[in-house]
2 protein chains.
Amino acid sequence: MKRDSRLSSVLHALLHMAERGEPMTSETLAVCMCTNPVVVRRTMGLLRDAGLVASARGPSGGWQIVADLNSVTLRDLYDALGEPTVFAIGNRHEAPQCLVEQAVNAALDDAFADAEALLLDRLGKITLARLSADFNRRYAAHRTRA
Amino acid sequence: MKRDSRLSSVLHALLHMAERGEPMTSETLAVCMCTNPVVVRRTMGLLRDAGLVASARGPSGGWQIVADLNSVTLRDLYDALGEPTVFAIGNRHEAPQCLVEQAVNAALDDAFADAEALLLDRLGKITLARLSADFNRRYAAHRTRA
DNA sequence: TAATTCGTAATATTAAAAGTTACATGAAAC
DNA sequence: GTTTCATGTAACTTTTAATATTACGAATTA
Ligand code: FES
Ligand code: FES
């Protein structure tokens, strides 16, 4: 399967939107993210449903952040995207008859569940504000070098 | 993408082989694992390359475990399979120009790397012997009930 | 030598993400 | 109020990676 890159995508879009301040259209976002306006709308639509961004139609419409950057974490975004499957590795059968397979699945599920919990915990501790600050640090360093 | 279920598969096969004692053919393993003999050979071949199992051709040939169940961990199997991609979630571009995307990727990579480290560490602590014991416990419980 | 079983290349299928096309709906500007 | 811009969404196609299948060669045993 392809890997799901929506979290990365949407973060990218949000930071650009945060820098900008005014609404950005799907078209603009799509160009900058090397994708398609419809994909942008689909993905951002999920964030809108979660109350993180707002969309407006017609001229001067577009997408805008409505949530407080300090209170939105990457975990919130993950949730807004519908809690996509984390692992590319999984059990062959989910509820097998065979006792051998049950023992195997139990052990694997355990390890994977713990890793997932750690990941989500980590995501829950990173706010958009922090990422934005991170970007500005990089930007400053970049300008100094140039 | 489909999820990679080879680790689960191969574990299943190994435990059955451990119970059995004598060589099992790809055909037998395939039937029991609901898959194809060629898939079994391909996958088990990787384990053979890692020195975990041995294969023999011709009549009375087949697959057999040659490693000590106490010293083989799930991490060893993961490695033998070629360290397959762990996450179904990833960055859109791996080495982006855009500083915004760089900041995003850095944060995500960090969290994912930690989760992966935890997972592999966990896998490294589970031996085949322990799984086998686990199975036998389940089996005993099953027989008591029946 | 015949039967069995692995080894492996080439090809096809499947599952899931991402991209595309097409068109309806709504809001702003004039 | 008509034109223009932009989102909303359904339907379909493409891409990617895993898995499955077919076919046949090579080695081993009896
Ligand atoms: S990479 Fe940020 S502008 Fe497209
Ligand atoms: S599930 Fe096939 S026999 Fe273990």
Side-chain angles (χ1 to χ4, degrees), chain A residues 1-10 12-13 17 22-49 53-64 66 78 81-94, chain B residues 1-10 12-13 17 22-49 52-66 78 81-94:
Chain A
M1 135 187 76
K2 265 178 189 170
R3 302 177 76 189
D4 183 337
S5 62
R6 289 178 303 160
L7 184 56
S8 161
S9 262
V10 107
H12 183 186
M17 285 159 71
E22 57 190 14
M24 295 177 75
T25 67
S26 308
E27 190 101 30
T28 309
L29 288 169
V31 168
C32 129
M33 298 163 72
C34 304
T35 181
N36 191 290
V38 178
V39 173
V40 173
R41 288 203 278 274
R42 262 204 301 253
T43 315
M44 296 299 278
L46 296 172
L47 302 198
R48 181 195 48 223
D49 294 347
V53 301
S55 60
R57 302 206 235 198
S60 83
W63 300 88
Q64 221 169 355
V66 295
Y78 170 81
L81 292 175
E83 311 184 356
T85 305
V86 169
F87 296 107
I89 297 178
N91 295 327
R92 170 169 286 272
H93 304 112
E94 270 329 311
Chain B
M1 128 196 66
K2 264 179 191 169
R3 303 176 77 190
D4 182 337
S5 61
R6 288 178 303 162
L7 184 56
S8 161
S9 264
V10 108
H12 183 186
M17 285 159 70
E22 58 190 14
M24 295 177 75
T25 67
S26 308
E27 191 101 32
T28 310
L29 288 169
V31 168
C32 132
M33 297 164 71
C34 304
T35 181
N36 192 291
V38 178
V39 172
V40 172
R41 287 202 280 272
R42 262 204 304 255
T43 315
M44 296 300 278
L46 296 172
L47 302 198
R48 181 195 49 222
D49 295 346
L52 304 175
V53 301
S55 60
R57 303 205 236 201
S60 83
W63 300 89
Q64 220 167 357
I65 299 182
V66 296
Y78 170 81
L81 292 174
E83 311 184 356
T85 304
V86 170
F87 295 107
I89 296 178
N91 295 327
R92 171 169 286 270
H93 305 113
E94 270 328 310

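Each chain gets a letter, A, B and so on, in the order the sequences are listed, and its residues count up from 1. Predicted model only: the values in this text are computed from it and were never measured.
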Which protein N or O atoms sit under 3.5 Å from an N or O of nucleotides 8-11 of chain D?
| unit_1 | atom_1 | unit_2 | atom_2 | d |
| --- | --- | --- | --- | --- |
| D/dG8 | OP1 | A/R48 | NH1 | 2.3 |
| D/dG8 | OP1 | A/S55 | OG | 2.9 |
| D/dG8 | OP2 | A/R48 | NH1 | 2.8 |
| D/dG8 | N7 | A/R41 | NE | 3.2 |
| D/dA11 | N6 | A/R42 | NH1 | 3.4 |

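Per the geometry, CD belonging to A/Q64 stands 12 Å off P belonging to D/dT7, to the nearest Å. Rounding to whole angstrom units, CE of residue B/M24 and P of C/dT4 are separated by 18 Å. Rounding to whole angstrom units, NZ of residue A/K2 and P of C/dA16 are separated by 14 Å. The nearest whole Å value for the distance from the CE atom in A/M44 to the P atom in D/dA6 is 16 Å. Atom CG in A/D4 sits roughly 15 Å away from atom C1' in D/dA17 (whole-Å rounding). To the nearest angstrom, P of D/dT13 lies 16 Å from CG of A/N36. A/R3 places its CZ atom 11 Å from the P atom of C/dA18, with the value rounded to the nearest Å. Note: CG (B/L46) to P (C/dG7) measures 11 Å, nearest angstrom.
At D/dA17, none of the side-chain N or O atoms of B/T85 fall inside 4.0 Å of OP1 or OP2 (strictly under the cut-off). At C/dC6, one or more side-chain N or O atoms of B/S26 fall inside 4.0 Å of OP1 or OP2 (strictly under the cut-off). The shortest distance between the side-chain N/O atoms of A/S60 and the OP1/OP2 oxygens of C/dA27 is not below 4.0 Å.
Heavy-atom minimum distance, B/S60 versus B/P23: O-CG, 4.4 Å. Among all heavy-atom pairs drawn from B/A13 and B/L29, the shortest one is CB-CD2, 4.2 Å. Residues A/W63 and A/G45 come closest through the heavy atom pair CH2-N, 3.9 Å. A/R6 and A/L46 make their closest contact through NH1-CD1, 3.8 Å (heavy atoms, listed as atom of the first residue, atom of the second, distance).
Here the side chain of A/P59 is nearest to one of D/dT19, C/dA18, C/dA27, namely C/dA27.
At a cut-off of 3.5 Å, with distance as the only test, no side-chain donor of A/S5 or A/S8 sits close to an acceptor on the other residue. Side chain to side chain, A/R92 and B/S9 meet the donor-acceptor criterion of an N or O pair below 3.5 Å.
Although no hydrogens or angles enter the test, the distance criterion places a donor-acceptor pair under 3.5 Å between the side chain of B/R3 and the main chain of A/I89.
Mapping A/C34 and A/G58 onto DNA chain C by nearest heavy atom places A/C34 closer to the 5' end of the strand.
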